[in-house]
Amino acid sequence: MKTLTITRPDDWHLHVRNGAILKTVMPHTARQFARAVIMPNLKPPVTTVAQALAYRDEILQAIPAGMDFTPLMTLYLTGSTTAVEVKKAAESRHVHAFKLYPAGATTNSDSGVADIHAVYPLLAVMESHDMPLLVHGEVADDACDIFDRERVFIESQLSAIHENFPGLRIVVEHLTTAEAVQFVQSASAKVAATITPQHLLFNRNALLAGGLRPHHYCLPILKREHHRLALVAAATGGNPKFFLGTDSAPHQTSLKENACGCAGCYSAHAALELYAEAFERAGALDRLEGFASFHGADFYRLPRSTGTVTLVKSAWQVPLVYGDDGVAITPLKAGEALAWKML
């Protein structure tokens, strides 16, 4: 296949930051995707509808003229979130979910939830208002091996959340393990998941073999090959519970290539090309449209996007860096060739 045309897709898990970084990265997403679910872990985090609407305005101002893109806002769930704010979010046409970060689990998660049981009353309110819960599924426990944190979170916390709140729609974000795939597959139709391009393309060797590669460092961390294969099978299998979420996370190169390098892969520059590579390897390019364009919209109960995008089999080299005016972001596969290119 030399050309692939699909319904314009959506990104159901995206970080765009704010300020100069936002202005640098927003055009990459807007040229490919019709919509994106915007993560709320800024500093300070986006915890109220008013803050989300202000952030939405900033994002809209960063979209280049002529590009049609809709940000779908989320709120950061904290121990201070109120039932009143949940109701406001449910009534807002621009806020679509709450994001649960276990405190200390990932970038800018210090304000997250330390005791999941303490927010059970809020989960009940969310369930009653049909407000989805988006979950960073890792325990933040130094005694737990970093490669096991997703599995332990599912066993110790997420399974109980689903059992106690069966009507609550849950998205398990950025799956990385075979156990997480099995959980989503065996759970009710209320549970779905996003999968990133890096977790489809790479296993943990890409992070560690031949020296530490900081631009492959993300959380949840890359896992063993059998986990990657389970993710590929889930993404390419046609199951509507699994859909595209890049978790594209822009960080300044200086903060990645650092003694305490921050977590996150920047993939928005070539998201569809990276997914096409993974699906082509699996012999499943015909399944990319469902994964990228249909499943997420259906789960969020939003209309499917209109229009199309076209990818061609044409090699191109990823730049070493994106940005100007003091912004320098090293993208995933910097300096390497990609086989697919979006027109």
Side-chain angles (χ1 to χ4, degrees), residues 9-17 21-22 24-33 36-39 41 106-107 173-176 194-223 225 227-228 231-232 235-236 243-258 261-282 288 291-292 309 311 313-324 327-342:
D10 303 297
D11 186 347
W12 299 99
H13 186 119
L14 179 68
H15 301 269
V16 292
R17 313 305 181 200
I21 289 180
L22 169 63
T24 298
V25 303
M26 200 62 247
H28 291 159
T29 289
R31 70 178 292 266
Q32 300 175 72
F33 297 103
V37 170
I38 307 298
M39 294 296 113
N41 59 331
T106 189
T107 303
E173 301 289 358
H174 39 53
L175 291 192
T176 66
T194 59
I195 303 178
T196 76
Q198 65 265 25
H199 291 108
L200 291 176
L201 291 169
F202 305 132
N203 62 33
R204 65 187 189 177
N205 286 345
L207 175 64
L208 300 168
L212 184 63
R213 303 183 68 182
H215 299 289
H216 288 169
Y217 173 54
C218 57
L219 290 172
I221 201 164
L222 299 173
K223 303 297 196 299
E225 177 66 1
H227 293 298
R228 188 190 71 82
L231 296 175
V232 170
T236 63
F243 40 85
L244 184 156
T246 63
D247 192 22
S248 181
H251 294 286
Q252 292 270 29
T253 298
S254 60
L255 297 179
K256 292 288 290 178
E257 299 173 2
N258 187 289
C262 51
C265 298
Y266 184 64
S267 60
H269 65 293
L272 284 181
E273 291 94 335
L274 293 166
Y275 280 110
E277 179 180 330
F279 274 67
E280 183 179 40
R281 286 184 189 177
L288 179 59
F291 175 80
V309 296
L311 294 163
K313 197 72 174 292
S314 176
W316 62 286
Q317 189 173 34
V318 177
L320 293 174
V321 68
Y322 286 102
D324 52 27
V327 174
I329 299 169
T330 300
L332 202 61
K333 290 209 168 189
E336 299 182 38
L338 292 181
W340 288 91
K341 184 175 184 179
M342 190 181 130

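As a basis for the values below, the full set of heavy atoms in this structure was taken, side chains included, without hydrogen atoms, waters or symmetry mates.
Results of the side chain to side chain contact (heavy atoms under 4.5 Å, CB included) test with L332 over T246, L338, L274 single out L274 as the only residue that passes. A side chain to side chain contact (heavy atoms under 4.5 Å, CB included) with L244 holds for exactly one of I195, D11, L288; it is D11.
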- request: Check the pair M342 / V309 against side-chain contact (heavy atoms from CB on, under 4.5 Å), numbers first and verdict last.
  value: CA-CA 7 Å; M342 190 181 130; V309 296; 4.2 Å; yes
message: Walk me through whether H216 and L207 qualify under side-chain contact (heavy atoms from CB on, under 4.5 Å).
response: CA-CA 5 Å; H216 288 169; L207 175 64; 4.3 Å; yes
message: Is there a side chain to side chain donor-acceptor pair (under 3.5 Å) between Y322 and H28? Walk through the geometry before answering.
response: CA-CA 10 Å; Y322 286 102; H28 291 159; 4.9 Å; no
query: When you look at I38 and H13, which way does the side-chain contact (heavy atoms from CB on, under 4.5 Å) test go after all the steps?
result: CA-CA 6 Å; I38 307 298; H13 186 119; over 6 Å; no
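The shortest heavy-atom contact between P319 and P331 is O-CG, 3.4 Å. Annotation for F279 and A235: closest pair CZ-O, 3.4 Å, computed over non-hydrogen atoms. The two residues A328 and Q252 make their nearest non-hydrogen contact at N-OE1, 2.7 Å.
No side-chain heavy atom of E277 sits less than 4.5 Å from a side-chain heavy atom of P197. At least one side-chain heavy atom of L201 sits under 4.5 Å from a side-chain heavy atom of R281. The shortest distance between side-chain heavy atoms of L222 and N203 does not fall below 4.5 Å. A heavy-atom distance below 4.5 Å is not found between the side chains of R204 and I221.
With rounding to the nearest 0.5 Å, the separation of CE in M26 from CD1 in I21 is 14.0 Å. The distance from atom CG of D247 to atom CG of L14, rounded to the nearest 0.5 Å, is 8.5 Å. Taking NE2 of H215 as the reference point, atom OG of S267 lies at 14.0 Å (rounded to 0.5 Å). Going from atom SG of C262 over to atom NZ of K256 covers 5.5 Å, rounded to the nearest 0.5 Å. Atom OG1 in T236 sits 13.0 Å away from atom CD in E280 (nearest 0.5 Å). Rounding to the nearest 0.5 Å places CH2 of W340 at 11.5 Å from CG of L272.
One side chain, K223 or T176, offers a donor N or O that lies under 3.5 Å from an acceptor on the other.
Side-chain N or O atoms of T194 include one that pairs as donor or acceptor with a backbone N or O of H174 at under 3.5 Å. One N or O on the side chain of Q32 and one on the backbone of A268 form a donor-acceptor pair closer than 3.5 Å. Side chain of H199 to backbone of P220: a donor-acceptor contact under 3.5 angstrom is found.
Salt bridge status for K333 with E273: absent, with no side-chain N to carboxylate O gap under 4.0 Å.
Under the 30°/60° scheme for interplanar angles, the aromatic rings of W316 and H269 are found to stand perpendicular.
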